[in-house]
*Asks:* 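Got a structure for you, written out below as structure tokens; questions coming shortly.
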Protein chains: 2
Amino acid sequence: MSIPSYEIIDKMENMLNIASDSTRIKILYSLLGENEEENIEKTVSEIVEETSASQSLASHQLKVLKDARLIKSRKQGKNVFYSLCDRHVKLLLEVVYEHVVEEDEDE
Amino acid sequence: MSIPSYEIIDKMENMLNIASDSTRIKILYSLLGENEEENIEKTVSEIVEETSASQSLASHQLKVLKDARLIKSRKQGKNVFYSLCDRHVKLLLEVVYEHVVEEDEDE
DNA sequence: ATAACAAATGAATGATTGTTCATGTATATT
DNA sequence: AATATACATGAACAATCATTCATTTGTTAT
């Protein structure tokens, strides 16, 4: 497995940057939902409550996630519903979660 | 899947932060090696050459990766051999790689 | 000893970015 | 029309961090 091209590395760095913020991680988790494959939709208010971020902060980070195409949005009346774009997000969180949990076991 | 505890989120953020830098991504790739399960060891000079980072930069980032326990080192004479600590690193890179490659296909 | 090589370190800097505060816009309700 | 709710936006600030340059430490060879 040799080092990928500059372009690929650049995109990988970008995706990891997007994912490497606690507020955004919480938002992504809240959009994963409880059940397996269903695609959860949540309003900004619901996300704000679950993540206990400020409304402004959540909105800013939702924009970041949307611009990076990790989530999408749908407007309906006063509400905006956000949901995940991509199954890779779940895999990413799972791998990282496993890593940090197993690290704890070593100590 | 509810939002993990603050501690877990914090550690996840930290690991993702470590991984979200192009220099460090290249270093990790260069330590993955060609074959499947074997654990590759490489000197700083080799890593410098493969990643085309400066010697100082590589050394700095190797320290970051080592402090985060993603890699380990072994000294032998003038050389220091670095290698991966953890199989999760490979999984992480694979998931992210798949994501960015599939994204390209959509456009 | 001294020269040459391998790697680490420390300071300095420029850029990026997470967060807050304040405000703006759109939609619904009375 | 006025008010309330839901969400977005822009400016501003503090903090973090990747990178470079210069120097230093440790090791081998002459």
Side-chain angles (χ1 to χ4, degrees), chain A residues 3 6 9-31 40-84, chain B residues 3 6 9-31 40-84:
Chain A
I3 302 178
Y6 170 77
I9 294 284
D10 204 50
K11 287 177 182 172
M12 291 179 70
E13 178 185 23
N14 195 60
M15 187 202 184
L16 287 162
N17 254 311
I18 299 293
S20 65
D21 171 74
S22 64
T23 304
R24 292 193 290 267
I25 295 174
K26 286 186 219 162
I27 291 174
L28 293 174
Y29 262 108
S30 93
L31 293 177
I40 291 279
E41 279 191 329
K42 276 180 183 159
T43 67
V44 177
S45 303
E46 288 171 327
I47 294 167
V48 163
E49 196 188 348
E50 287 190 23
T51 61
S52 51
S54 71
Q55 184 270 318
S56 174
L57 177 55
S59 191
H60 276 297
Q61 303 302 359
L62 283 166
K63 176 168 170 43
V64 172
L65 291 169
K66 190 182 174 190
D67 288 348
R69 297 198 184 168
L70 295 187
I71 64 176
K72 59 193 172 193
S73 69
R74 176 175 69 84
K75 192 167 183 177
Q76 183 178 347
K78 278 194 294 184
N79 298 313
V80 176
F81 290 88
Y82 283 92
S83 61
L84 292 181
Chain B
I3 301 177
Y6 170 77
I9 293 284
D10 204 51
K11 288 177 181 172
M12 291 179 70
E13 178 185 23
N14 194 61
M15 186 201 186
L16 287 163
N17 255 312
I18 299 293
S20 65
D21 171 75
S22 64
T23 303
R24 292 194 290 265
I25 294 174
K26 286 187 218 162
I27 291 174
L28 293 174
Y29 261 108
S30 93
L31 293 177
I40 292 279
E41 279 190 331
K42 276 180 182 160
T43 67
V44 177
S45 303
E46 289 171 327
I47 294 168
V48 163
E49 196 188 348
E50 288 189 24
T51 61
S52 50
S54 71
Q55 184 271 319
S56 174
L57 177 55
S59 190
H60 277 296
Q61 303 301 359
L62 284 166
K63 177 166 169 44
V64 172
L65 290 168
K66 190 183 173 187
D67 288 348
R69 295 197 186 170
L70 296 187
I71 64 176
K72 59 193 173 194
S73 69
R74 177 175 67 84
K75 192 167 183 177
Q76 184 178 346
K78 278 193 296 186
N79 298 313
V80 176
F81 291 87
Y82 283 92
S83 60
L84 293 180

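What you see below is based on every heavy atom in this structure, not just the backbone, and it leaves out hydrogens, waters and symmetry mates. Here is the naming used below: chain letters follow the sequence lines, and residue numbers restart at 1 for every chain.
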*Asks:* Within residues 60-68 of chain A, find the residues that approach DNA chain D with a heavy atom at under 4.0 Å, and present them sorted by residue number.
*Replies:*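 Close to the strand are A/H60, A/K63.
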*Asks:* Can you list, by residue number, the residues of residues 42-56 of chain A that have a non-hydrogen atom closer than 4.0 angstrom to DNA chain D?
*Replies:*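 The answer is A/T43, A/V44, A/S45, A/Q55, A/S56.
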*Asks:* Residues of residues 10-29 of chain B with any non-hydrogen atom less than 4.0 angstrom from an atom of DNA chain D: list those, numerically ordered, please.
*Replies:*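 By residue number: B/D21, B/T23, B/R24.
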*Asks:* Heavy atoms, side chains only, cut-off 4.5 Å: are A/V80 and A/R74 in contact?
*Replies:* no
*Asks:* Counting C-beta onward and ignoring hydrogens, is there a side-chain heavy-atom pair between A/L84 and A/I40 closer than 4.5 Å?
*Replies:*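 No, their side chains stay 4.5 Å or more apart.
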*Asks:* Under 3.5 Å, which protein N or O atoms sit close to an N or O of nucleotides 25-30 of chain D? Give each pair with its distance.
*Replies:*
residue : atom : partner : partner atom : Å
D/dG26  : O3'  : B/K75   : NZ           : 3.4

*Asks:* Show me the donor-acceptor pairs within less than 3.5 Å that the side chains of residues 52-60 of chain B make with the rest of the protein, sequence neighbours left out.
*Replies:*
residue : atom : partner : partner atom : Å
B/S54   : OG   : B/L57   : N            : 3.0

*Asks:* Could you grab the distance from atom NZ of A/K42 to atom CD1 of A/I27, nearest 0.5 Å is fine?
*Replies:* 11.5 Å
*Asks:* Are the side chain of B/R24 and the backbone of B/L65 linked by a donor-acceptor contact shorter than 3.5 Å?
*Replies:*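 Looks like no, no N/O pair under 3.5 Å.
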*Asks:* Starting at CZ of B/F81, measure out to CD1 of B/I47 and round the result to the nearest 0.5 Å.
*Replies:*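 So the gap between those two atoms works out to 10.5 Å.
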*Asks:* According to a strict under-4.0 Å criterion, is A/Y82 in side-chain N/O contact with OP1 or OP2 of D/dA8?
*Replies:* yes
*Asks:* Anything under 4.0 Å to a heavy atom of chain A counts; send over the first and last such nucleotide of DNA chain C, read 5' to 3'.
*Replies:*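 Going 5' to 3' along DNA chain C, contacts run C/dG18 to C/dA28.
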*Asks:* For A/L57 and D/dA6, give me the distance from atom CG to atom C1', rounded to whole Å.
*Replies:* 17 Å
